[in-house]
Protein chains: 2
Amino acid sequence: MKKVTINSVAEYAGVSKKTVSRVLNNEPNVSPATREKVLKVFEELNYKPNPIARGLAQNRSFIIGCLYDNPSKSYITRVQSGALEACQKHSYNLLIHPCELRGQDLIDNVEQLLTTSRLDGIVLTPPFSDSNELIAFLKQRNIPYARVASAIEGDDSISIRSNDEQGAFELTEHLINLGHTEIAFIKGHPDHSATENRFSGYQKALAKHGIEYRERLVAEGNFSYHSGADSAKAILDLEPRPTAVFASNDYMAAAVLKLATQREIKVPEQLSIAGFDNAPIARHIWPGLTTIAQPVEEMTRIAVEELIKHIAQPQEAPFQQVLEAKLITRESTKARSNS
Amino acid sequence: MKKVTINSVAEYAGVSKKTVSRVLNNEPNVSPATREKVLKVFEELNYKPNPIARGLAQNRSFIIGCLYDNPSKSYITRVQSGALEACQKHSYNLLIHPCELRGQDLIDNVEQLLTTSRLDGIVLTPPFSDSNELIAFLKQRNIPYARVASAIEGDDSISIRSNDEQGAFELTEHLINLGHTEIAFIKGHPDHSATENRFSGYQKALAKHGIEYRERLVAEGNFSYHSGADSAKAILDLEPRPTAVFASNDYMAAAVLKLATQREIKVPEQLSIAGFDNAPIARHIWPGLTTIAQPVEEMTRIAVEELIKHIAQPQEAPFQQVLEAKLITRESTKARSNS
DNA sequence: ATACAGTCTGACACCGGTGTCATAATGTCG
DNA sequence: CGACATTATGACACCGGTGTCAGACTGTAT
């Protein structure tokens with residue numbers, strides 16, 4: 001099998017390289033007859049353009065980078081799956097790059113990535129999507145980027161997020177409607193903007209229903225299962241014990257459930273537990289977790305699609321969208337017992 | 001900031017492009033003085049070679065592809081994390097490509113991937129690592145590849161696997177030593193070689209201890225949580241009910257635990273449950289799952305490292321290794337009660 | 001018929017590196 | 001000291017595409 005290049009196609013079709021290139025890129029100013037002829041030769045010779053040569057000439061790589069630093073593996077998996085869908089649709093490839101927000105030289109690390117890979121664009125997932133420093137760097141270097149679940153408002157770049165505050169508000173209201181008033185809350189990682197938003201939704205729902213906010217009911221987590229376990233311990237040791245716990249993600253909620261079960265506290269009869277994200281684990285355990293479904297895949301898919309659009313044709317008005325979060329009720333929440 | 005290319009370096013250092021290229025690639029036949037001089041200019045100008053141009057000239061991409069089709073997200077995460085470690089160490093990038101083994105044109109799909117991305121090598125994870133068809137294709141196309149957890153023996157290519165049979169044998173023996181004789185087994189996906197190996201370890205342990213193998217105790221799963229739930233139903237409906245269940249992975253074991261808990265069957269008092277893999281979920285639920293720790297990250301890391309070595313310098317003897325699996329006991333298994 | 005705009009096409013340089021080969025500089029040995 | 005092997009270096013083509021620009025070929029208005 002000989003290699004089929006643009007030269008062989010040109011020769012075979014009896015036209016110049018450049019004309020072949022024009023057909024390849026759907027450029028105007030090619031007569032229909034010529035276009036037809038070249039396309040036929042593509043078929044005949046089964047020609048595939050070499051992306052590397054193309055990249056060299058156009059200074060592009062057709063690769064999108066995805067930055068992440070997230071303790072929740074399932075979140076990453078969902079992010080990847082959305083990003084991959086968009087990439088595959090547009091013949092881009094996805095390069096994954098885990099790194100640490102608090103690493104001593106995040107900027108150096110990203111610079112290194114950019115010089116070794118010449119990415120066409122970068123998707124920032126939390127907590128990077130909230131890093132002003134990183135965003136300033138990318139802007140200065142003129143690298144297209146899209147923010148997923150970012151709370152930064154002033155930046156005129158692509159941004160897709162879901163309504164975390166609204167979701168947390170609805171979930172809290174759900175618990176209140178079940179008769180709960182002692183609702184503990186486990187916060188997420190302080191570097192993530194979702195943490196503040198979810199917390200604020202919780203507080204607003206309490207306020208709306210005239211329930212006093214009590215700081216002792218709030219524990220500091222960081223979205224990891226482990227931090228959930230620590231918070232669970234603090235909360236379940238409280239006297240009197242709250243009748244409901246709202247954890248900022250499903251992993252931490254699972255940790256609460258584990259400890260409660262260990263201590264033979266009946267869920268949901270004696271304790272209602274709710275999470276956030278609708279991660280797989282929410283339905284893999286018993287009782288299933290009431291949670292807020294966050295469209296992680298979709299957010300990322302849209303972000304990457306818009307990023308690719310933007311790379312092909314930089315526009316004035318960057319795409320920004322807020323998706324709705326949705327309440328999913330399962331067995332882990334129940335009306336408060338009148339004991 | 002002006003672009004620093006090999007030309008500017010050459011000019012600045014007062015040598016030819018080619019000599020710069022020699023220094024870049026650590027080629028011999030450069031005088032120490034010249035090498036020194038050029039290296040200093042690298043520093044001074046902060047020169048980074050353009051990987052795309054390099055790729056074009058050498059017909060390489062510095063990208064490793066990772067093929068997967070696995071219902072277990074946590075498995076994929078672990079695979080990626082091992083592969084990434086090796087890639088980053090050697091300045092390669094990782095491109096992830098999910099696709100379906102049973103898809104109508106797996107070969108076409110992979111061919112497409114190869115023509116659009118010019119991968120330098122491919123890591124095959126289960127079930128692709130057992131696909132003779134795919135392996136034959138890669139061999140014919142002369143694409144370097146490494147197999148992770150493959151059972152194919154004749155193929156002289158890089159292969160890293162763990163001892164599934166031994167692991168399953170030990171786990172089964174552990175249950176037997178606890179007094180169990182009615183041990184149900186949930187098989188994995190038939191396309192994965194691990195499925196047969198784990199099953200065989202189970203059978204051999206029974207045989208060694210003179211316990212009759214009974215087909216009615218065996219359910220067909222496919223490694224997904226969902227299939228575990230179906231199998232769990234079949235097994236827990238058996239009369240008499242087995243006193244232990246060994247599921248071929250932790251997800252399916254979690255499904256058994258969920259159903260048992262729903263039916264108020266006490267684990268481990270009335271039913272011992274064990275899984276395989278030591279996935280995160282094994283310690284995120286209560287009771288924690290007794291399982292076999294499989295070094296997924298390490299297997300993949302080694303596979304990718306060897307693959308990169310092989311790309312740089314094709315050797316005669318391909319690297320092959322079998323890693324040990326290790327028993328992890330948690331709360332989900334217990335001595336059979338004498339009721 | 002002439003002028004002129006618009007459409008089509010190809011020659012050629014270029015992207016930023018590497019491979020091949022010729023030649024210059026140096027070292028070794030009889 | 002001359003003959004020869006070895007080391008060091010650069011000129012140049014090449015990888016497989018794209019950008020620029022000039023020129024040929026239309027069609028239309030004057």
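Below, chains carry the letters A, B, ... as their sequence lines are ordered, and counting in each starts from 1. The structure displayed is predicted, hence computed values, not measured ones.
With rounding to whole Å, B:Lys18 atom NZ is found 6 Å from C:dG19 atom C1'. Look at NZ on B:Lys3: it is 9 Å from C1' on C:dG16, rounded to the nearest Å. Put simply, OH on A:Tyr12 is 21 Å from C1' on D:dG16, counting in whole angstrom units. Between B:Asn59 atom CG and D:dG17 atom P there is a gap of 11 Å when expressed in whole angstrom units. To the nearest angstrom, P of C:dG16 lies 17 Å from CG of B:Asn25. When rounded to the nearest whole Å, the span between CZ of A:Arg54 and C1' of C:dG17 equals 20 Å.
Nucleic acid contact class of A:Val20 (heavy atoms, under 4.0 Å, all strands): none. Contacts of B:Asn7 with the nucleic acid, taken as non-hydrogen atoms under 4.0 Å apart, are absent.
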Residues B:Ile143, B:Leu119; criterion side-chain contact (heavy atoms from CB on, under 4.5 Å); working and verdict: CA-CA 8 Å; B:Ile143 308 284; B:Leu119 302 177; 5.7 Å; no
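Residue order along DNA chain D, read from the 5' end via each residue's closest nucleotide, puts B:Thr19 first among B:Thr19 and A:Thr5.
A 6.0 Å sphere centred on CD of A:Glu44 holds more than 12 heavy atoms belonging to other residues, nucleotides or ligands. Counted within 6.0 Å of CD on A:Glu27, heavy atoms from surrounding residues, nucleotides or ligands total more than 12; the atom is thus considered enclosed.
When the nucleotides C:dG10, C:dC21, C:dT18 are ranked by their closest atom to the side chain of B:Lys17, C:dT18 comes out on top. Taking the side chain of B:Asn50 as heavy atoms from C-beta on, and the options C:dG17, D:dT18, C:dG10, the nearest nucleotide is C:dG17. With distances taken from any side-chain atom of A:Leu24 to the nucleotides D:dG17, C:dG17, D:dG16, the minimum falls on D:dG17. You'll find that the side chain of A:Gln58 is closest to D:dT18, out of C:dG10, D:dT18, C:dG16. The side chain of A:Leu56 sits closest to C:dC15 out of D:dC15, C:dC15, C:dG10. Closest to the B:Val15 side chain, of the nucleotides D:dC21, C:dG17, D:dG10, is D:dG10. Closest to the B:Ser16 side chain, of the nucleotides C:dG17, D:dT20, D:dA11, is D:dA11. Taking only side-chain atoms of B:Ile6, from C-beta outward, the nucleotide of D:dG19, C:dT18, D:dG17 with the closest atom is C:dT18.
The minimum heavy-atom distance linking B:Asp69 with B:Leu101 is given by the pair OD2-N, 3.0 Å. The minimum heavy-atom distance between B:Ala151 and B:Asp130, with the atom names listed, is N-OD1, 2.8 Å. Contact between A:Ser150 and A:Ser193 at its shortest, heavy atoms only, is C-OG, 4.2 Å.
The side chain of B:Tyr47 places an N or O atom within less than 4.0 Å of a non-bridging phosphate oxygen (OP1 or OP2) of C:dG17.
Cation-pi geometry between B:Arg147 and B:Tyr145 is not satisfied (NZ or CZ under 6.0 Å from the ring centre, within 45° of the ring normal).
The main-chain N or O of A:Leu67 is found under 3.5 Å from a side-chain atom of A:Thr125 such that the two form a donor-acceptor pair.
Remark: B:Lys40 engages no residue in a side-chain hydrogen bond (donor to acceptor under 3.5 Å, both in side chains) (not counting sequence neighbours).
One donor-acceptor pair, N or O on each side, does fall under 3.5 Å between the base of C:dG10 and the side chain of A:Arg22.
Where the helix from C:dA1-D:dT30 to C:dG30-D:dC1 starts and where it ends, the local axes point in directions that differ by 50°; five pairs per end, rounded to 10°.
Residues of residues 26-46 of chain A that place a heavy atom closer than 4.0 Å to DNA chain C, in numerical order, are A:Asn29, A:Val30, A:Ser31, A:Thr34.
Ring planes of A:Phe223 and A:His192: perpendicular class, angle over 60° (limits at 30 and 60°).
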